[in-house]
Each structure stands twice: as structure tokens, then as C-alpha cells.
Amino acid sequence: MSLAQTQSVAEIKARNKELIEEVLKVYPEKTAKRRAKHLNVHEAGKSDCGVKSNIKSVPGVMTIRGCAYAGSKGVVWGPIKDMIHISHGPVGCGQYSWAARRNYYIGTTGIDTFVTMQFTSDFQEKDIVFGGDKKLAKIMDEIQELFPLNNGITVQSECPIGLIGDDIEAVSKQKSKEYEGKTIVPVRCEGFRGVSQSLGHHIANDSIRDWVFDKIAPDSPPKFEPTPYDVAIIGDYNIGGDAWSSRILLEEMGLRVIAQWSGDGSLAELEATPKAKLNVLHCYRSMNYISRHMEEKYGIPWCEYNFFGPSKIAESLRKIAGFFDDKIKEGAERVIAKYQPLMDAVIARYRPRLEGKTVMLFVGGLRPRHVIGAYEDLGMEVVGTGYEFGHNDDYQRTAQHYVKDGTLIYDDVTGYEFEKFVEKVQPDLVGSGIKEKYVFQKMGVPFRQMHSWDYSGPYHGYDGFAIFARDMDMAINSPIWKKATPPWKAAPKPALMAAE
Amino acid sequence: MTQNADHVLDHFELFRGPEYQQMLANKKKMFENPRDPAEVERIREWAKTPEYREKNFAREALTVNPAKACQPLGAVFAAVGFEGTIPFVHGSQGCVAYYRSHLSRHFKEPSSCVSSSMTEDAAVFGGLNNMIDGLANTYSMYKPKMIAVSTTCMAEVIGDDLNAFIKTAKEKGSVPNEYDVPFAHTPAFVGSHVTGYDNALKGIIEHFWDGKAGTAPKLERQPNEKINFIGGFDGYTVGNTREVKRIFETMGIEYTILADNSDVFDTPTDGEFRMYDGGTTLEDAANAIHAKATISMQHYSTEKTLPLIAAHGQEVVSFNHPIGVTATDEFIMALSRISGKEIPEELARERGRLVDAMADSSAHIHGKKFAIYGDPDLCIGLAAFLLELGAEPTHVLATNGTKQWAEKVQAVFDSSPFGQNCHVYPGKDLWHMRSLLFTEPVDFVIGNTYGKYLERDTGTPLIRIGFPIFDRHHHHRYPVWGYQGGMNVLVWILDKIFDEIDRNTNVPAKTDYSFDIIR
């Protein structure tokens, strides 16, 4: 069904440009002007994708974006498993994000681990009118009493907190003192701040800097004997176990992972990270801030990597090994060789079923570019991509290392644009989120959720690639897509010629 | 290495392999600074005790695992029940992403809704410009027949005035002057999603009946024989609304379903995405003023809407999410009384089939103890059904239940000998429920998907009835109302009971004597 296969790059570019012109027509003039800056056709050789990004969404257009609270509580802080994260404000934010992101962990939930729980101050009108600080203080007392094995508390601010002038920093300091220096982190991630989840990531990163790192006595002895091979995984949220299928590779090559940020992470791991020799960074968008800080303050280098698909995994393992001695370099080669037969078998099985299929993506932090290599390992082609909350540096990385000439680029795509693009481009697969899934499936287009792995996973690492390949095949080659049109409504087949 | 191209292992099995298990054990031991396992065990046991229960129930400020959402979710749910209508939520945009995800995860359907995307500058200067631009964009892009506006807590805290904003937006040409933009203030810090449903529906009805915010003459009621029907915030809206329509048609009653979202949350996969489908026509919404009466299936979802309707001269009747024989009898008899139509034999036979089924199976349910949590009306409907099955709704809990609700539940208990040892818990959450299930255990818990944590921690089997249901598919397509709906609920309960009996009797050479083939 893919149109791309039969068209030249020039034709595709012309078609995509036309498509952009066409979708812009639906908008009032002012909006068309604003949206035009976010849509482009990629030109090979350019240093970025030629779109504006990280700008306020246009009101009323059905943006797919979330908010700063989602970026802090939902992404960065929520997975830290031994701390209790209070959704501070009305009940909804915590409710809708409760256990929705599949940040896998090991622990006794409700006793020493709290990830899949919803702690909220459930603001009522009187809290808005009189302020919520006293309530917050009391909540912390009740947490201490009922959940005595928690290792810390964070306060995840919802919109009203910043508007009513609560002083959550004062409450946090006061209670921390009362509980013998307990880690209590106030986070100013009110949903109206910034333009998307992205500022929430940044605010959360900064809160770790200010309320975790800066509280550690500089001369405090490490809780473990350091080695020259200590690394921290930064920006892996362990969705479906992603961080685990990544960690195992780093350990197999001889490195020691001393911390996971933040999937299956713990406060002790956050605190230990300044002792790392290298920070390896998967989701650049959500955790580059803290990586840069650790580089500046503690002299820890950081290295971006990509664990989607064997090509990028091998490239990344070698890149990471480049920071270490020959022992690790040999380790990387050993790991690559070990998994080669598995990768060969996966590709032999699935590539013939997926070769030449086209994909359109629209996802969050790293995936609009990071998964492209994995699709290409399967012989598939990404013909359109865009970021929900990317910045210019994301589009630079995308242009320089990932997308092909002529790829349709759409930043902060609106529901309308995405629908029209898919309708016209007719990809074999769309990879996006839950809000988009059913829209495209109704249209008869196979779909995979690329935030939650559609409740599958892990997709990271070699073990994850096998699952990725299986899932893409399962989506595209499901027999159900042939049933969308009733036989009596299908276009009549050309009449058979008698001579045949 | 355990991964295998021919039999791909995903998270269900992959991490159970020895390599991963070893890796995770090392991680914990060396880097997580874990608590002493004995201490974890001690606290785990302590959390099951009456002492813990007492401390837990003494909570005044902290809410843990609530069974409620916030107002705008309900407003969005109600708004899409009108023909060609798009909900427009004025405030921060992240909220809308949450409502859409939440509804999509339950219905496995698209959920269309827009935001005015207010940010810091709007927090300072107000969101008027967001309203002006937002309405213009939504109107141009999605060509809705109506845009139903509600608010997030951000807009409420800064005090944006929807009526004035919409007026200004119209003056600025965002949408035509006569275009329908009903609105409702839906602060997240008051009530819950059922309150939001109520406010949004009231806003829409008020808009059509009472002069469209001063831009049209108020409608004059010309009573006719129709009956209006309101389902309330209902996770089973697809199955329920269709069943109720069938009942109305069987009885030959002319009706208007207000906020009929049964089609928009159940569109076919046939190559076309329908952003809008079905719904109450705007004409019907306006003409609903002439109806003889309005029936609400959920009193607490319509506490403000019904008085508004009553004030226009209609009779209003409300139920509490009626489930089972008696509750359905009351519903059907009310329809008959109001419409003057006789109850057809067909419904009597359906009733008889439900009674028949309950008689056949009651031995397996009789005397069993249940914990129920959910929205206030659903709790009452389920509790009453259990009582007529001879079961005991031992704990009934609604995080969004009020004191008055609790009195009503108590009255339901008092109406049956099986309600003697039953208790109601208004305003409590699922962490309270967890304590109850330890200290005053029951046989089964009925609730939404989040009940699976209770099931895991306390060993009480969960019967999934409520909203949201994320981890089981398609139950929303089945009615729980009407005699047919009662049958569905009965079967869901029975299936779990039988599964449990089998699960508890399937150890060979130990318990297999009760592992009966006939039950």
C-alpha cells in the first residue's frame, strides 16, 4: 500500500510540500502562519530539520502535548521507587497519571516502594482560599506515620500551587529538619509553566541538583567501593523493563551500573551518581540538564547512546567503550558478537515480512529519532516524524544522524494535521501515543504506541529488539486490517479474462 | 541468554530468567541501600493490623489511591454526547491530554477534545486571548456544530469569566454570533468527575432553554409526551444507552437521550475516523424542554441539572444506577407511570429470565461478603443488587460520596436483613479499603481496575465493575441496566465466584474432591 516505494525523492518532496500547504489552509491566517514554521520537508545535508520548536502550542488546535507536571511527576520523579511523590493540588493530575507509564520496578509496593500509588493532597475549595501549606505539612506527618519505610518525599506541584502563593519550599525545609534531614524535595512543576512536558523535565532535574546533590556532604564516604568502571544510566524510565535490558549489556561488557535514572531507581542511586566515571544518556531531552550539571560540577563526562536496534546498539556500545580501557573495548566487542546470532535470527525471521514498509512517527523525547535505526534494521523506512516537545537540538540530531532526504517533519503536530498527513502519505504503520492510536486504527492503519510500547516491551537492548520486531510485525501483518472494508463494499475486482 | 527469535520473550517472561534475576538482586544489594528484609516484612504485617487501620482511618490530610477523578473529565464526557460537539477546556493544556488518555484507555476509542493552552502569561493576564484564538481555531479546523466550554483549575483559580470571554470572542469574530458555545465552570477542587458531568450538562441545557446566554429568547415550554433520559457519568454508557433505548422503544415511548455518547465511544473500524458520531441533536436538546419528564439514572451525576429542569415545569425522577430486579422494576414502572404506557409482556419475560437466572445461581452467591467501591450511584445500585441476591455488601466506599450519600446507603442496608452488618464509608480512599480488607475481610471486592492492587495485596478476588476499566477489554459494550444488564452483572459475579472455587480446589491429591464438573 505504500506510495513511497514507487516515488522518487523529488516526487515525495513535492508531494509533502503540497501536503503542508494543504493542511495549512484549514487554519485562520494567524494560526496558519504560526503552524507553517513547525512543518517542513527535510533536505539532506541541512544541519536541522528546518522547523521551529519548543514554542507555545496554538490554543484550540488539539495539541498532543502535556504539561510540566507530567514531565516532572510523570517522567523524571515518578519512577524513583523508594520515595513518595505527592501530587499536590486537586485530585485529577495524580489520578490520570496513576501507574499509567509502566515504569517497572522491584519492591514491596505500599511498604518500601511506592511507584504505582497515587498520593495526593486532593485540594478542596478551602485549600485554594486559605492555602495548602498546613495541609502539606500534615500530609508529610501522615506519610511518616503510615509509610515509615519511605526514603524521601517529593512535592509535585499542580497548577494552583504557584497561583495561590503557597510556600512549599518552606514546608519541605521545615519538615526535613523535623525528620532528621530527611530528603524532601519541593518541585515547582505547575502545569501552566513552559509550553509542554519539557520544562517539567528541566525543573525536576534542577530539583535533584538543589535538593539531593547539594544536600550531600562533599566529604561523605561512598556507600560502596568505587571502581574505574562505574557508570550511571541516565534517561531510561524502564518502560516495560527497558533499563534492565540495557543494564545487562553494560554489565556484560564489564562496566558497573551504579545508578538508574530514573526507572527502577532509588534515592541512594541518585545520591551515588556524582561518583560515576561516565554518565550514559539515553533520553537526552529529559535529562541532559543534570548530565551537564554533573559534568560541570563533578567533572563527569556524559555520552549519548541509542539502544534501539542492533546497528545503533553496536555503535553505542563501541562509543561508550571508547571512554574506557581495552578491557571494556574488548567487552563491547564480546557483547556484540554474543548477540549477533540472535540478531541475525530476528532479522531473518522478521525482515522479509517488513521489508519496504513505511512508518510515520510522532512521539516524545528521544524516540522520534532513536527508533529510526531499529526500523531500518528491519528494512523499514520512516517517512515522517516529529516531536511532541523537542527543542532545536533534538531536530539537529535528527537531521544530522537519522532522517532521510524528503522526510516529512511536523513539530507539535495538531490532531488535524497528523490525520491529514497519514491519510495522504498512507504509511504502513503509525507509531505514536494512546490519544492517536484509535484514530488511526479506525482509518485502517496499523498502529503501535511508542510511549508505552503498547503494554509490551522492553524495546531497548538486544533482548528488546526481538520484541520490537515481533510487535511491528504483529501490528502490520495482523489479518484484521484486511477486514476493515466489508466485502460487499470493496472495489470490484477486474473481471477475469476468459483467455486466462 | 534467554531471548529467542522463534519464541520471543517479552516482559512477562524475559526478566524471570537467571541472568536478569541475578542482575536485579545485585542492583538491589549494592546500590539501592535497601531496607532490612525483616523490617520490610514487619511493616508489611503491621500494615494489616487493626492498629494500622486505626491510624489509617485517622488520616485528615493525605489521600492515597482515591477512587475519583476531577470535574473537567466529567464535563468532557458529557459534552461529546451532543451531535458534532467538541469539548473545549479552558486552562492548562496538559489536563486535556490527561482526559483524552483516560477516556481512550477505558473505551479503547479516540477521544477528541481541545484546550485553550494557557501558560504563564495567561496566568498573569488572564486567558481571554487564548479563548479568542482557541475558539476561532477549533471552529475552523474541526467544523463542530457546537463547542462546549469547561475549565481546568488553573482558569478557576485566576477567575476567568467564561460568559464574558465567550461573548468577547464572538464579538471578535472567533465564531459566528449565533453559534452555540455553552459553558460550565468546572473547578477540579470541588466535587469530582460526576460533579463536572452535572455542571456541563446543566450548562448545555441552560444554554438551549434559557436564551443562549442572553443572545436569544428563552424557550417557552409546550408540554408534550416525550421523556428525557440522562445516564450520568457512566463507564458502561455504550451498552447501557443502547439497552435503555431498546426499552423505550419496546414500551413505545417517545424519548430524548440527553448527552448520548454511546456512538462516539463505539465507532466502527471501517477505514474512516469519525471525530463525531451520533449524539443528542442540538434541536432535540432544545426541544427537550417540552418533555413531560426527565429521568436520571444517576442522582449524584445530576444534582444540579435536575432542579434546573424541574424549574421549567417538568417532573424529574432520579435513580441510583439501578441494577437488578427491584431497581429495574422501579425504573420500568416509573416509565410506565409517566408515559401512561403499559409495560409490555416482553419486558415481563425479560424480568422473569433474570429472576430465573438469580434463582438458579443464588446458592453460590447467598451469604457471600462483598466490598464495593466506585461512584456514589454505582455503589448504591450494586449494593441493592447484592442484597436481593442474598449477599452482603459489607463495605461500601465512595471517595466522592458525601454524608447524605452515606445516609442513603444506610437506608439501603436497613431495607434488608442481609444489610445488617454492612458499613458505608463516604470520602474514603482505596488505602482505607486496603485496611478494611485486612481487618474485616470479605469474599470479593467489586471495583475498577485499580482494585487489582487490593486483590494482589489482600488476596481478595476482584470483580471489575466501574470506571475506569483499563486492563480488561470491551465490558463497556455490555449494559448493566435493564433486566438484561442485571443478567450481565450476575454473570460477571458468578464467573469470578466459580473461577475462585476452581482455583481453590485444583490441587491434585489434596483438594481435588471439590473440583466438580457440575456446579
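FYI, side chains are in, hydrogens and waters are out, and symmetry mates aren't considered; it's all heavy atoms of this structure.
- Note: B:Thr63 leads B:Leu9, B:Thr63, B:Val40 in heavy-atom pairs under 4.5 Å with chain A.
- Of the listed residues (A:Gly89, A:Pro90, A:Cys67), the one with the most heavy-atom contacts under 4.5 Å to chain B is A:Pro90.
- Looking at B:Gln93, its side chain does come within 3.5 Å of a backbone N or O of A:Val195 through a donor-acceptor pair.
- Counting heavy-atom pairs closer than 4.5 Å to chain A, the top-ranked of the candidates B:Cys70, B:Pro72, B:Ala47, B:Ala188 is B:Cys70.
- B:Thr267 and A:Lys442 form a side-chain donor-acceptor contact under 3.5 Å, judged by distance and modelled atom types alone.
- Residue B:Gly271 comes nearest to A:Ala484 through the heavy atom pair N-CB, 4.3 Å, listed as atom of the first residue, atom of the second, then distance.
- Taken from CH2 in A:Trp244 to OH in B:Tyr20, the straight-line distance is 10.0 Å, to the nearest 0.5 Å.
- A:Thr116 is listed as a side-chain neighbour of B:Tyr453, based on a closest heavy-atom distance under 4.5 Å.
- Contact annotation for B:Leu73: both backbone and side-chain heavy atoms come within less than 4.5 Å of a heavy atom of chain A.
- Residues B:Phe31 and A:Ser266 fail the side-chain proximity criterion, which asks for heavy atoms closer than 4.5 Å.
- The shortest side-chain heavy-atom distance between B:Asp133 and A:Thr31 does not fall under the 4.5 Å cut-off.
- Options B:Asn33, B:Ile158, B:Asn4, B:Asp10 differ in how many heavy-atom pairs under 4.5 Å they form with chain A, and the most are formed by B:Asp10.
- In this structure, the side chains of B:Val8 and A:Tyr350 come closer than 4.5 Å at one or more pairs of heavy atoms.
- The side-chain heavy atoms of B:Ser117 and A:Lys56, taken from C-beta on, include no pair separated by under 4.5 Å.
- Residue B:Val157 touches chain A through its side chain alone, counting heavy-atom pairs closer than 4.5 Å.
- Only the side chain of A:Arg349 comes within less than 4.5 Å of a heavy atom of chain B; its backbone N, CA, C and O stay farther away.
- To the nearest 0.5 Å, the span separating CD on B:Glu156 from CG on A:Leu163 amounts to 12.0 Å.
- Annotation: the span from A:Tyr438 atom OH to B:Leu103 atom CG amounts to 12.0 Å, rounded to 0.5 Å.
- Contacts of B:Glu60 with chain A are made by both backbone and side-chain atoms, with heavy-atom separations under 4.5 Å.
- There is no contact between B:Arg274 and chain A, counting heavy-atom distances below 4.5 Å.
- Under the 3.5 Å distance criterion, the side-chain polar atoms of B:Asn65 are left unmatched by any main-chain donor or acceptor of A:Met117.
- There is no contact between B:Ile147 and chain A, counting heavy-atom distances below 4.5 Å.
- Between A:Glu145 and B:Arg59 no salt bridge is recorded (no basic side-chain N to carboxylate O distance below 4.0 Å).
- Tested against B:Arg35 for a side chain to side chain donor-acceptor pair (under 3.5 Å), the candidates A:Asn151, A:Thr113, A:Asp112, A:Thr108 yield a single pass: A:Asn151.
- Put simply, the side chain of B:Thr152 does not reach to within 4.5 Å of the side chain of A:Cys159, judged on heavy atoms.
- Neither the backbone nor the side chain of B:Asn400 comes within less than 4.5 Å of any heavy atom in chain A.
- Of all heavy-atom pairs between B:Thr119 and A:Gly194, the closest is CG2-O, 3.2 Å.
- Side chains of A:Val26 and B:Lys143 form a contact here, defined as non-hydrogen atoms less than 4.5 Å apart.
- Per-residue counts of heavy-atom pairs under 4.5 Å with chain A were compared for B:Ala136, B:Cys113, B:Ser111; the largest is that of B:Cys113.
- A:Tyr96 and B:Ala69 get closest at one heavy-atom pair: OH-CB, 3.5 Å.
- Annotation: side chain of A:Ile106 is not in contact with side chain of B:Lys28 (no heavy-atom distance under 4.5 Å).
- Between the side chain of B:Tyr52 and the main chain of A:Leu146, a donor-acceptor pair closer than 3.5 Å is present.
- Counting heavy-atom pairs closer than 4.5 Å to chain B, the top-ranked of the candidates A:Ile164, A:Ile86, A:Thr485, A:Leu342 is A:Leu342.
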For this session: Could you give me the CA-CA distance, side-chain angles and deciding distance for A:Lys489 and B:Asp270, then say whether salt bridge (charged side-chain N to carboxylate O under 4.0 Å, His left out) is met?
Result: CA-CA 10 Å; A:Lys489 284 190 182 175; B:Asp270 59 359; 5.9 Å; no
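- The CD atom of B:Gln3 sits 11.5 Å away from the CZ atom of A:Phe465 when rounded to the nearest 0.5 Å.
- Counting heavy-atom pairs closer than 4.5 Å to chain A, the top-ranked of the candidates B:Ser112, B:Ala58, B:Pro187 is B:Ser112.
- At a 4.5 Å heavy-atom cutoff, the contact between A:Arg102 and chain B is made by side-chain atoms alone.
- Contact record, A:Ile248 with B:Glu19: CD1-CB, 4.0 Å, taken as the closest heavy-atom pair.
- Taking every heavy atom of both residues into account, B:Tyr142 and A:Gly60 meet most closely at CE1-O, 4.2 Å.
- For B:Met275, the part sitting under 4.5 Å from any heavy atom of chain A is the side chain, from C-beta outward, and nothing else.
- Shortest non-hydrogen contact noted between B:Phe15 and A:Ser245 is CE2-N, 4.4 Å.
- Heavy-atom pairs under 4.5 Å with chain A peak, among B:Met154, B:Glu39, B:Met30, B:Glu32, at B:Glu32.
- For B:Trp431 and A:Phe147, the ring centers are positioned less than 6.0 Å apart.
- Ion pairing of A:Asp264 with B:Lys27 is present here, as a side-chain N (NZ or NE/NH1/NH2) and a carboxylate O approach within less than 4.0 Å.
- B:His193 places no side-chain N or O within donor-acceptor distance of the main-chain N or O of A:Gly92, the cut-off being under 3.5 Å.
- Neither the backbone nor the side chain of A:Lys126 comes within less than 4.5 Å of any heavy atom in chain B.
- Of the atoms belonging to B:Leu24, it is side-chain heavy atoms, and not backbone ones, that fall under 4.5 Å from chain A.
- When heavy atoms are compared at a cutoff of 4.5 Å, B:Ser92 approaches chain A solely by way of its side chain, counted from C-beta outward.
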